[in-house]
Amino acid sequence: MTSKTDFPDQIPLFPLTGALLLPRARMPLHLFEPRYLAMLDDALKTPCRLIGMVQPNKVPGRAGHGLQTIGCAGRITQFSETEDGRYMITLAGMSRFRVLEEVEGFTPYRRARVSWAGFDRDCGPGEDDPGFDRTAFLETLAQYFDAQDLQTDWDSLREADDELLINSLSMLLGFEPEDKQALLEAPSLSTRRETLMTLIEFSMRGGDSEGVLQ
């Protein structure tokens, strides 16, 4: 894995509402807008091949130039071109970052100066969740899936390690953008699991979040 000391202090940004990339997880993206094709071309020319995923921020008065202040950078690990000039790419989550300021320039896509400080754990080995009651969690998850009429491979969920299970569900279930941001900003895997369980239970009690597993 690339050392964080090699990460640049400026990265291209891909603002995307509801999208969540987490460290050590993978995200497929379909690029077709000219500005993002230019971003891909430029990113592939850099040593780290990083793209910063960040959610737009529509809350008035908050910093971030219309962006959430915390996002997650992904390294381009796969890409393929379709016959009509579109690209399918895969980002491997490397580290969260904090947006310091947006960089003005001549690129058609957005860029920002970022700080990697405070996210040292992101580049380390996978996290464990010592307090994780997997049996109770999966029982609640099964109720949630039944309520949302969702299907999944339960054998894979049972066999997945703690981090893969919690992070995959955090990324794939269709919670509200602000809920996705809370999952991203969780300081530890245990905190993310607790937040995820709260969101699932809230939804089953008639909350507004709707689950969509892709």
Side-chain angles (χ1 to χ4, degrees), residues 1-16 18-29 43 46-55 57 62-64 67-78 89-101 111-134 136-138 141 156-173 175-200:
M1 181 174 291
T2 304
S3 169
K4 189 171 289 190
T5 58
D6 298 328
F7 288 177
D9 60 4
Q10 293 184 18
I11 60 172
L13 298 178
F14 192 156
L16 189 59
L20 174 61
L21 175 63
L22 293 168
R24 293 178 294 275
R26 294 182 181 273
M27 171 186 281
L29 284 175
T46 64
C48 292
R49 302 193 302 218
L50 294 181
I51 291 175
M53 299 300 301
V54 63
Q55 291 201 102
N57 174 23
R62 289 190 60 183
L67 302 171
Q68 292 285 354
T69 56
I70 295 177
C72 184
R75 185 174 186 268
I76 302 166
T77 57
Q78 293 181 327
I89 72 171
T90 299
L91 294 181
M94 302 297 289
S95 174
R96 288 169 291 179
F97 59 85
R98 189 176 300 274
V99 176
L100 299 179
E101 63 179 356
R111 295 177 297 153
R113 189 168 66 85
V114 302
S115 170
W116 308 99
F119 304 113
D120 293 340
R121 184 180 294 179
D122 291 358
C123 286
E127 288 188 69
D128 294 321
D129 185 0
F132 187 24
D133 185 343
R134 181 179 287 252
F137 180 84
L138 290 177
L141 187 65
S156 296
L157 291 185
R158 294 186 187 96
E159 295 172 1
D161 64 38
D162 293 354
E163 185 175 63
L164 177 61
L165 175 62
I166 294 166
N167 286 354
S168 296
L169 290 169
S170 296
M171 292 173 61
L172 293 173
L173 294 178
F175 301 119
E176 293 295 318
E178 58 269 23
D179 298 330
K180 292 280 192 176
Q181 191 67 24
L183 290 165
L184 172 67
E185 296 184 16
S188 68
L189 185 63
S190 297
T191 307
R192 184 170 297 125
R193 183 254 306 164
E194 293 168 357
T195 303
L196 177 62
M197 179 62 83
T198 298
L199 292 171
I200 289 172

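For reference, positions follow the sequence shown, starting with 1. Because the structure is predicted, anything quoted here is derived from the model rather than measured.
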What pairs with [X] under side-chain contact (heavy atoms from CB on, under 4.5 Å), at least two apart in sequence or on another chain?
| X | answer |
| --- | --- |
| Arg26 | Thr77, Thr90, Ala92 |
| Ala25 | Leu22, Met171 |
| Arg158 | Leu138, Trp154, Asp155 |
| Asp128 | none |

Working to the nearest 0.5 angstrom, can you tell me the gap between [X] [atom1] and [Y] [atom2]?
| X | Y | atom1 | atom2 | result |
| --- | --- | --- | --- | --- |
| Leu164 | Glu159 | CG | CD | 11.0 Å |
| Phe7 | Arg75 | CZ | CZ | 9.5 Å |
| Leu20 | Phe175 | CG | CZ | 10.5 Å |
| Thr46 | Ile11 | OG1 | CD1 | 10.5 Å |
| Met94 | Ile51 | CE | CD1 | 13.0 Å |
| Leu141 | Ile200 | CG | CD1 | 5.0 Å |

Measure across Cys72 and Gly93 and return the closest heavy-atom pair with its distance rounded to 0.1 Å.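 Taking every non-hydrogen atom into account, SG-CA, 4.5 Å.
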What closest approach, in Å, do Arg24 and Gly124 show between heavy atoms, and which atom pair accounts for it?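 Heavy-atom minimum between the residues: NH1-O, 3.1 Å.
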Within the 4.5 Å heavy-atom criterion, are [X] and [Y] side-chain neighbours or not?
| X | Y | answer |
| --- | --- | --- |
| Pro23 | Arg121 | no |
| Phe97 | Asp122 | no |
| Ile76 | Leu91 | yes |
| Leu199 | Leu183 | yes |

Say whether, by atom type as modelled, one donor and one acceptor occur between the side chain of [X] and the main chain of [Y] under 3.5 angstrom.
| X | Y | answer |
| --- | --- | --- |
| Trp116 | Pro8 | yes |
| Lys180 | Leu21 | no |
| Arg111 | Gln10 | no |
| Glu127 | Leu189 | yes |

Return the set of residues passing salt bridge (Lys or Arg N to Asp or Glu O under 4.0 Å) with Arg193 (not counting sequence neighbours), or none when no residue passes.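 Result, salt bridge (Lys or Arg N to Asp or Glu O under 4.0 Å) vs Arg193: Asp129.
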Please identify each residue that fulfils side-chain hydrogen bond (donor to acceptor under 3.5 Å, both in side chains) with [X], with sequence neighbours left out.
| X | value |
| --- | --- |
| Thr198 | none |
| Gln181 | Gln55, Glu185 |
| Arg49 | none |
| Arg113 | Glu101 |

